[in-house]
Structure formats: structure tokens, C-alpha cells
Amino acid sequence: MPGPSDRDGVTPELLLQAYAAGVFPMAQSAGSTRIYWVDPRWRGILPLARFHVPRSLRRRARRGDFSITVDRDFAGVLDGCADRPETWINPRIRELYLALHRMGCAHSIEVRMDGELAGGLYGVRMGAAFFGESMFSRRTDASKLALVWLVARLRAGGFRLLDTQFVTDHLRRFGAIEIPRARYLTLLDEALSCAADFHALPEDASSELVLQLTSQTS
């Protein structure tokens, strides 16, 4: 039986090969039927050892009026990320990432407030590299909290690279930087040659533990 997007030659396995080569997929819009590959000259990364949590977000994290889960609602997070006027997540890309999730290669961080999915993020894991794909918020600070919990999880699990693809003003607040393609490929090769554990951090880790993990320097 053909797998997701077999009809246009793009399979989950090919997608993983693309990540390992330093490229990633996008679509022009939600209504587009085509996938194209992106290989930026300058790549966005968020150095895990220099991650910065703004003071106001630290206070927000300590309030504890939210819950964090992992891989409980990958489809919900994917759809939340696609629910915007302009999106690169078309139906075929949705199929592919759902397939990667079923394979254990794609993960989501969910933030719930008052019992509702308030925000989250998702990405792809290979070796000691995590490729952040997209995030969304329906409530204030929800995506920011998801990012803090992601970084704590990556640091606890021994990850070496957090790829953000591009750098926005929002990500710069947390320490994201741009590096040349050649430097990125070196870091990528190093990360892919190492093992890491995405589940090293307990799902019910306290806010204090998470903030401690994100504050450590190496």
C-alpha cells in the first residue's frame, strides 16, 4: 500500500533523509498541492547552552496555571500551527508529519489551560538534533511555555542542536542566532552522530526543575 505522499515521490523516509542533508519541506499555502525543499544560506538555531528565559516568562512559568504534555495530541498541535491566514502546512505535509509521529520521529509539546489546548509546538528528532517546525498560541504565553519545556527536555536528554530554520524577533528574545550553511552542516553532522533521549525528562517535571535545566550553562 502506498505511504503518505508516495504519489509525488515524497515519503516519510525521504523526509528524514532531507533533514539529515540539511533541507526541509514547505508548501506555498494550505491549498497548494506541491512540496518544495528549502536550503537556506543562513540557518536559524537556538544554542541550548545559551537559551534565555525572560524574567516575566519565568514568573509566568512558576504560576502553574497550565499543564504540559508530550505527544498526547500531535494532530491537535499540527492543526493549531496550520490554523492561520497564511500557512505552509498543506494536507500532504500534514500526512507526512503524522506518519513521522507514528514512526516515533516527530514529537509535540502541548500546553493546556483550563482544560483546553492553548498552544504548543512540534518538530522532528534525529540523533541528538531536534528540528523545530512550528508553534502556535491560543492563549498568552502558551507557545513560549512550550518552548521552555522543549529546551529543558532537550537539555535533559543530551541533545546538541535545536534547529529553528529561520530566526524571528520572537526567537531572538530566547537567544536564537543565524549561522552560515556550512557551519550548520558541521553542527548537524556532529549531532546526528550522537544519541539523545527525548523522554529523559519526566512529563510531570516541576516548573522549578524545568527552569533550572534551562538556566544551566555548559
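- In terms of heavy-atom proximity, Ile35 sits nearest to Pro25 at CG2-CB, 3.7 Å.
- The shortest heavy-atom contact between Ala129 and Ala191 is CB-CB, 3.9 Å.
- The shortest heavy-atom contact between Ala27 and Ile93 is N-CD1, 3.7 Å.
- In this structure, the side chain of Arg172 does not engage the main chain of Val167 through any donor-acceptor pair within 3.5 Å.
- Counting heavy atoms from C-beta outward, Trp37 and Leu15 have side chains that approach closer than 4.5 Å.
- Between atom CG of residue Asp163 and atom CG of residue Leu188 there is a gap of 8.0 Å, rounded to the nearest 0.5 Å.
- Residues Arg60 and Lys144 form no side-chain contact, since every pair of their non-hydrogen atoms from C-beta on lies 4.5 Å or further apart.
- The shortest distance between side-chain heavy atoms of Val210 and Val151 does not fall below 4.5 Å.
- Within the 4.5 Å cutoff, side-chain heavy atoms of Gln165 are placed close to those of Phe24.
- Linking Ile, Leu, Val, Met, Phe, Trp and Tyr residues whenever their side-chain heavy atoms come within less than 4.5 Å leaves Trp42 and Ile177 in two separate clusters.
- Between the Arg138 side chain and the Gly119 main chain, no donor and acceptor come within less than 3.5 Å of each other.
- Ring geometry for Phe130 against Phe159 counts as perpendicular: the plane angle is over 60°, on a 0 to 90° scale with 30° as the lower cut.
- The side-chain heavy atoms of Val38 and Pro40, taken from C-beta on, include a pair separated by under 4.5 Å.
- Looking at every heavy atom in both residues, Gly120 comes nearest to Val77 through C-CG1, 4.1 Å.
- Contact detail for Ala21 and Leu185: the closest heavy-atom pair is O-CD2, 3.7 Å.
- Note that CG of Leu147 and CG of Leu57 are 8.5 Å apart. Values are rounded to the nearest 0.5 Å.
- Taken from CE in Met126 to CG in Leu161, the straight-line distance is 11.5 Å, to the nearest 0.5 Å.
- Residues Ile45 and Glu178 form no side-chain contact, since every pair of their non-hydrogen atoms from C-beta on lies 4.5 Å or further apart.
- A distance of 10.0 Å separates CZ of Arg92 from CZ of Arg34, quoted to the nearest 0.5 Å.
- Distance check, rounded to the nearest 0.5 Å: SG of Cys81 to CD of Glu133 gives 9.5 Å.
- Of the possible polar contacts, none joining the Ser137 side chain to the Thr140 backbone as a donor-acceptor pair under 3.5 Å is found.
- Here the side chain of Thr164 pairs a donor or acceptor atom with the backbone of Gly44 at under 3.5 angstrom.
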Exercise for the section: Step by step, work out the side chain to side chain contact (heavy atoms under 4.5 Å, CB included) result for Leu162 and Leu150. Expected result: CA-CA 10 Å; Leu162 174 50; Leu150 171 68; 4.2 Å; yes

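- Of the N and O atoms on the side chains of Ser215 and Arg58, at least one donor lies less than 3.5 Å from an acceptor on the other residue.
- In this structure, the side chains of Glu190 and Arg160 come closer than 4.5 Å at one or more pairs of heavy atoms.
- Distance CG/Leu16 to CG/Leu96: 10.0 Å, rounded to 0.5 Å.
- Cation-pi check for Arg155 over Phe51 is not met; the charged atom does not lie both under 6.0 angstrom from the ring centroid and within 45 degrees of its normal.
- Residues Leu171 and Phe166 form no side-chain contact, since every pair of their non-hydrogen atoms from C-beta on lies 4.5 Å or further apart.
- Ala152 and Leu213 get closest at one heavy-atom pair: O-CD1, 3.7 Å.
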Listed pairs under 3.5 Å, donor-acceptor, residues 107-118 side chains, sequence neighbours left out:
{"residue": "His107", "atom": "ND1", "partner": "Asp71", "partner atom": "OD2", "Å": "2.7"}
{"residue": "His107", "atom": "NE2", "partner": "Arg125", "partner atom": "NE", "Å": "2.9"}
{"residue": "Ser108", "atom": "OG", "partner": "Glu110", "partner atom": "OE2", "Å": "2.5"}
{"residue": "Glu110", "atom": "OE1", "partner": "Thr69", "partner atom": "OG1", "Å": "2.4"}
{"residue": "Glu110", "atom": "OE1", "partner": "Val70", "partner atom": "N", "Å": "3.4"}
{"residue": "Glu110", "atom": "OE1", "partner": "Arg72", "partner atom": "N", "Å": "3.3"}
{"residue": "Glu110", "atom": "OE2", "partner": "Asp71", "partner atom": "N", "Å": "3.3"}
{"residue": "Glu110", "atom": "OE2", "partner": "Arg72", "partner atom": "N", "Å": "3.0"}
{"residue": "Glu110", "atom": "OE2", "partner": "Asp73", "partner atom": "N", "Å": "3.0"}
{"residue": "Arg112", "atom": "NH1", "partner": "Thr69", "partner atom": "OG1", "Å": "2.7"}
{"residue": "Asp114", "atom": "OD2", "partner": "Arg139", "partner atom": "NH1", "Å": "3.4"}
{"residue": "Asp114", "atom": "OD2", "partner": "Arg139", "partner atom": "NH2", "Å": "3.2"}

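- Within the 3.5 Å criterion, the main-chain N or O of Leu209 finds a donor-acceptor partner in the side chain of Ser206.
- No side-chain donor-acceptor contact under 3.5 Å links Arg43 to the backbone of Tyr184.
- For residues 76-88, the side chain to side chain donor-acceptor pair (under 3.5 Å) pairs, not counting sequence neighbours, are Asp79-Arg94.
- Legend: ring pair (Phe, Tyr, Trp, His ring centres under 6.0 Å) pairs involving residues 54-86, not counting sequence neighbours, sorted by first then second residue: Phe66-Trp149, Phe74-His101, Phe74-Tyr122.
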